[in-house]
Amino acid sequence: ADTVTYSVDLGDVRAVVNSDGRLLELTLHPDVMTGYAPSELADRLNLAIAALREEAEAENQARYGGHLQW
C-alpha cells in the first residue's frame, strides 16, 4: 500500500507527517533556536502544522468529499 505523506517547507521549518498525523520529520534551520523567542518558534511550528492540516483536508475533500474530523 502507498504511504501518504504531507509536507510543508517554510524555509526555516520543514515538517512531514503521514496520513495518520504522525510526525515523520521535523527540520529546523540552525538559526531558529537562537534567533526566535519561544513564542515566535511556537508560532512558526503552529503555522507549519496548520499548513499540513490544510493540505490533508484539501486532499480528503478531493478524494472523498466532506471534511476531516480532528
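In this chain, residues are counted from 1 in sequence order. When reading the values below, keep in mind they use all heavy atoms of this one structure, side chains included, and skip hydrogens, waters and symmetry mates. For clarity, every value in this text was computed on a predicted model and none was experimentally measured.
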task = Side-chain contact test, heavy atoms from C-beta onward, threshold under 4.5 Å: evaluate it for Val32 versus Arg44 and give yes or no.
result = no
note = To the nearest 0.5 Å, atom OG1 of Thr5 lies from atom CG of Asp20 at 12.0 Å
ask   = What pair of heavy atoms forms the shortest contact from Val8 to Ala48, and how long is it?
value = CG1-O, 3.6 Å
Minimum-distance pair of heavy atoms, taken over all atoms of Leu28 and Leu45 = CD2-CD2, 4.1 Å
remark   = Rounded to the nearest 0.5 Å, the CG atom of Leu24 sits from the OH atom of Tyr6 at a distance of 12.0 Å
request  = Report yes or no: does Asn46 contribute a side-chain atom to a donor-acceptor pair with the main-chain N or O of Ala42 at less than 3.5 Å?
outcome  = yes
ask   = Say you draw a straight line from CG of Leu10 to CG of Leu47; how long is it, rounded to the nearest 0.5 Å?
value = 5.0 Å
message = Treating Glu40 as the side-chain partner and Ala37 as the backbone partner, does any N or O pair qualify as donor plus acceptor under 3.5 Å?
response = yes
query = Run the side chain to side chain contact (heavy atoms under 4.5 Å, CB included) check on Tyr36 and Asp12 step by step: do they pass?
reply = CA-CA 11 Å; Tyr36 290 160; Asp12 54 351; 2.3 Å; yes
request  = Heavy atoms only: give me the nearest Ser7-Val16 pair and the separation to one decimal.
outcome  = CB-CG2, 3.8 Å
remark   = Sorted by chain and residue number, the side chain to side chain donor-acceptor pair (under 3.5 Å) partners of Asn18 (sequence neighbours excluded) come out as none
task = Would you give the length of the straight line joining atom CD of Glu25 to atom OG1 of Thr27, rounded to the nearest 0.5 angstrom?
result = 4.0 Å
inquiry  = Distance check, rounded to the nearest 0.5 Å: Glu57 atom CD versus Gln61 atom CD?
reply    = 9.0 Å
key: Shared hydrophobic cluster for Ile49 and Val17 (ILVMFWY, side-chain gaps under 4.5 Å)   = no
ask   = In Å and rounded to the nearest 0.5 Å, what is the CE to CG distance from Met33 to Leu41?
value = 6.0 Å
